[in-house]
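Read through the structure below, which is laid out as structure tokens, and then see the notes.
In what follows, every chain begins at residue 1, and chains take the letters A, B, ... in the order their sequences are listed.
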Amino acid sequence: MLDGQATGPRSVAHEGPRPSPKGLVAIVGCTSLGASFATRLSAAGRDVCVVTDTESALNRLDHDFQGFTYVIDDLSNAGALESCGLADAGAVFSLMLSDNANILVAHLARRIWKVPVVVARLADADKADLLEDFGIDVICPIELCERELLELSGFDEGGELA
Amino acid sequence: MRVVVAGDDDQAFYLAGSLLESDNEVTCVCRSPRRARVFANAYDAQVMEGDPTRRFVLDDVGLEPDDIFVALLPSDADGFVACLLAHEAYGVKRTICIVENPRNVTLFESLGIWRALSSAYLLAHAIGQASTPEDMTAILQRHDG
């Protein structure tokens, strides 16, 4: 159940270090964040695949990107995602711009395919409980940026916006 | 008990009308302000404007566990999240999701949606129950024809 309490900035938080996921890392959504993270993981030698519904979005990947790329019509289509290897992935990061698409992909990955590490991006932090209650981690870039902006601006020091 | 219809397309309009005709209490949640006016002008029902996948909108609807929640939204992901929210945040047991992709019928039900329905899935099952072409036409026969 959701409790409706105000919550702090969302980020992936764990007690102690988490073991590095094994196997394929699948990134759904070749957004700026998705492409940048995929490039970083690929440069670190991880097996990475990027799935997008927009072929031109693959241009966001660095020239050195070594992973697989897939273009599918519908990023919420379970069968199409399975054919990109998501069902056997060690980690799935759903980083599309649509909260609802990220929630569906994350539920498929965690609850149907039992992917050990699943992270979904949200703009609307009110939806975080729909993920966290099912063992899915949430990253909320807007809240992370807001927190940083408050610190940089000094506004939070007088408690004005906090 | 009431039925909450989340969606503002022609299917949602038809469903809301049918439910009202059979004397059910109905609340409609329309994303588009223009469609919300169409619903409000046509029906003597509570019509709310807003995105039924957002928590503050469903807060205003005041969902109760005994309500029936039907999502008829343009993307299957939106329908899934609306039903998931109704179930997780308000304890609604009977969540119904109308889906485009027939494969989502079994997937969504295994993810906790009470019933997922797809027209292609229903048709395939109706035809699948027929062992002969005569059976098939009998199943699809209109009662008035």
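A salt bridge links B:R103 to A:E82: at least one charged side-chain nitrogen sits closer than 4.0 Å to a carboxylate oxygen.
Residue B:V3 is grouped with residue B:I98 when hydrophobic side chains (ILVMFWY) are merged at heavy-atom distances under 4.5 angstrom, including chains of intermediate members. One hydrophobic cluster, built from ILVMFWY side chains closer than 4.5 Å, holds both B:V5 and B:W114. Connection of B:F56 to B:V61 is established within a shared hydrophobic cluster, with ILVMFWY side chains joined at heavy-atom distances below 4.5 Å, either directly or through further cluster members. Hydrophobic clustering (ILVMFWY, side-chain heavy atoms < 4.5 Å, transitive): A:V119 and A:I142 are in distinct clusters. A continuous path of ILVMFWY side-chain contacts below 4.5 Å connects A:F37 to A:I139, so both sit in one hydrophobic cluster.
For B:K93, the NZ atom counts as densely surrounded, since its 6.0 Å shell holds more than 12 non-hydrogen atoms of other residues, nucleotides or ligands. In the displayed structure, A:N59 atom CG is contacted under 6.0 Å by more than 12 heavy atoms of other residues, nucleotides or ligands.
To the nearest 0.5 angstrom, A:N77 atom CG is 5.0 Å from B:N101 atom CG. Note that OG of B:S75 and CG of A:L75 are 11.5 Å apart. Values are rounded to the nearest 0.5 Å. To the nearest 0.5 Å, atom CZ of residue B:F108 and atom CD1 of residue A:I112 are 10.0 Å apart.
Between the side chain of A:R111 and the backbone N or O of B:L111, at least one donor-acceptor pair lies under 3.5 Å.
Contact of the B:E88 side chain with the A:F134 side chain is registered, since non-hydrogen atoms from C-beta on lie closer than 4.5 Å.
Using a 4.5 Å heavy-atom cut-off against chain A, the contacting residues of residues 30-54 of chain B are B:R31, B:T53, B:R54.
Among B:L85, B:L73, B:L84, B:D78, the one residue that satisfies the side chain to side chain contact (heavy atoms under 4.5 Å, CB included) test with A:N100 is B:D78.
Ranked by heavy-atom pairs under 4.5 Å with chain B, the first of A:D124, A:N102, A:D99, A:L108 is A:D124.
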